[in-house]
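Report on the structure given below.
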Amino acid sequence: MRVNENILISSLTTIRLGGPARYVLEIEKPEEVREAYAFAHQYNLPIFVLGSGANSIGHDEGFKGTIIINRMRGIYEEKLEDSVKLKVMGGETWDSVVEYACNRNLTGIEALSKIPGLAGAAPVQNIGAYGQQISDTLTEIEVYDSVTNGYKTLKKADLQFSYRKSILNTSEKNRYFVISITLELKEGKMPRPFYNSIENYIAVHNITDFGPKSIREIVSKIRAEKLPDPKEKPSAGSFFKNIYLTNEEAEIAELKGLPIYRGEDGNKINAGWLIEEAGFSGKLLHGIRVNEKASLVLINESAKSYNDLAKARSEIVGKIYDKYGYWLEQEPVEIK
Ligand code: EPU
């Protein structure tokens with residue numbers, strides 16, 4: 001385990017905000033997770049588990065606690081009867097897992113190409129894009145349980161996945177440290193119809209190959225056109241969640257002329273659309289740029305502090321509430 005002291009959170013997160021963290025512990029072996037928790041308990045310090053920092057935001061006063069980062073890497077493959085099991089260590093970059101699977105002609109996660117972050121963070125918020133979610137293919141995860149100080153396996157059903165949620169960021173938040181994740185993938189292709197933007201891209205570019213590698217390429221292009229690369233433009237990805245409505249709420253919203261998507265996972269309003277309609281696209285608020293093409297993404301262009309981000313956020317949230325009566329919910333996690 002590597003122990004670092006007083007590291008700026010702005011240097012550990014893609015949105016590049018936040019003061020110093022008292023300790024940053026880097027885990028290289030499963031046994032070290034227990035040591036890291038014991039270290040924090042010994043000094044009575046709170047713990048925050050960070051991945052690649054693509055979905056976390058630091059506060060100006062920093063974090064008077066211990067940040068633990070998973071540095072364990074590796075992808076292990078096991079052939080099952082009609083599928084392939086991939087066990088991936090949590091410190092592996094998520095996109096390299098997708099690349100590996102696509103190169104092996106395995107379907108199930110190709111639409112999750114280019115999502116920033118680590119494999120271990122993927123189940124926490126049930127990452128999803130272009131019609132796939134990790135909960136579709138994940139079978140189990142290995143964790144360290146900070147309540148019992150033991151290691152155990154949690155099955156998919158235990159994780160209670162829903163839109164951007166699992167027990168890992170709700171009822172059992174901060175309890176488990178993800179050591180590895182296991183996916184079960186099949187050779188073959190994603191079922192049609194694809195998500196609108198993929199269908200549109202295919203039609204415009206006359207694409208006929210829908211194998212995992214081809215879908216990966218398509219998704220990568222769509223994302224590159226719309227979403228800023230967090231390495232070039234500091235952001236934390238989608239800053240707000242889409243809004244889920246009950247059938248009754250959806251009917252009322254439709255009567256008001258709002259566009260509703262009725263998917264298998266429920267009725268949704270595109271939060272990005274609300275932000276555009278409210279006139280925020282491309283606007284600069286307190287050093288925070290509302291991304292022009294994908295308005296759900298806020299870019300830290302010249303914000304001096306978390307406080308600037310908070311001001312920009314309340315302007316957006318407040319105006320959307322006044323105009324439409326919905327409270328936008330923040331998607332990235334705060335380090336506190
Ligand atoms: N929609 C569908 N089916 C379609 C097309 C659109 O259900 O065929 C819905 C979407 O679910 C969403 C809305 O229409 O409610 C707009 O979709 P769009 O593709 O424009 O994406 P978005 O809402 O801007 C979401 C994710 C992105 C993800 C894209 C692509 C959230 C908060 N954001 O963004 O994830 O890449 O869809 O699937 O769910 C991230 O979380 O950081 C992120 C970038």
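Order of listing sets the numbers, starting from 1, for every ligand and every atom in it. The residues of the chain are indexed from 1 along the displayed sequence. Here the structure is a predicted model, which is why all the values come from computation and not from measurement.
- Nearest to atom 1 (N) of ligand 1 among the protein's heavy atoms is Tyr195 OH, 3.3 Å.
- Heavy atoms from both the backbone and the side chain of Asn196 come within less than 4.0 Å of ligand 1.
- Within the 4.0 angstrom cut-off, atom 12 (C) of ligand 1 has one or more protein heavy-atom neighbours.
- Here atom 28 (C) of ligand 1 lies nearest to Ala129 when heavy atoms of Pro230, Ala54, Ala129 are compared.
- Annotation: Tyr163 is in aromatic contact with Tyr244 [ring centroid separation under 6.0 Å].
- Ligand 1 lies out of reach of Glu199, whose nearest heavy atom is not under 4.0 Å from it.
- Heavy-atom separations between Tyr163 and ligand 1 include at least one value shorter than 4.0 Å.
- Listed by number with element, the atoms of ligand 1 under 4.0 Å from a non-hydrogen atom of Gly237 are 42 (O).
- For the pair Phe240 and ligand 1, a heavy-atom separation below 4.0 Å is found.
- With a 4.0 Å cut-off on non-hydrogen atoms, Tyr261 touches ligand 1 through its side chain and not its backbone.
- Atom CE of Met89 is separated from atom CD1 of Ile27 by 11.5 Å, given to the nearest 0.5 angstrom.
- In this structure, of Ser238, Gly266, Gly272, the residue bringing a heavy atom nearest to atom 40 (C) of ligand 1 is Ser238.
- Here Lys241 pairs with Glu329 in a salt bridge; the nearest charged N to carboxylate O distance falls below 4.0 Å.
- In this structure, the side chain of Thr93 does not engage the main chain of Ser96 through any donor-acceptor pair within 3.5 Å.
- Taking any N or O of Arg223, backbone or side chain, at least one lies under 3.5 Å from an N or O belonging to ligand 1.
- In this structure a side-chain-to-backbone donor-acceptor pair under 3.5 Å is missing from Gln125 to Ile127.
- Taking the six-membered ring for Trp and the full ring otherwise, Phe194 and Tyr201 have centroids separated by 6.0 Å or more.
- By the 4.0 Å heavy-atom criterion, Lys226 is counted among the residues contacting ligand 1.
- Of the possible donor and acceptor atoms, one in the side chain of Ser235 sits under 3.5 Å from a partner among the backbone N and O of Gly237.
- Residue Arg164 holds the heavy atom nearest to atom 41 (O) of ligand 1 of all those in Gln125, Arg262, Arg164, Gln133.
- Asn4 places a side-chain N or O within 3.5 Å of a backbone atom of Val24 that can act as its donor or acceptor partner.
- Where the criterion is an N or O separation shorter than 3.5 Å, residue side chain and backbone included, Ser197 fails it with respect to ligand 1.
- Within the 3.5 Å criterion, the main-chain N or O of Leu168 finds no donor-acceptor partner in the side chain of Glu172.
- The nearest protein atom to atom 16 (C) of ligand 1, hydrogens excluded, is given as Asn270 ND2, 3.1 Å; this is a heavy-atom distance.
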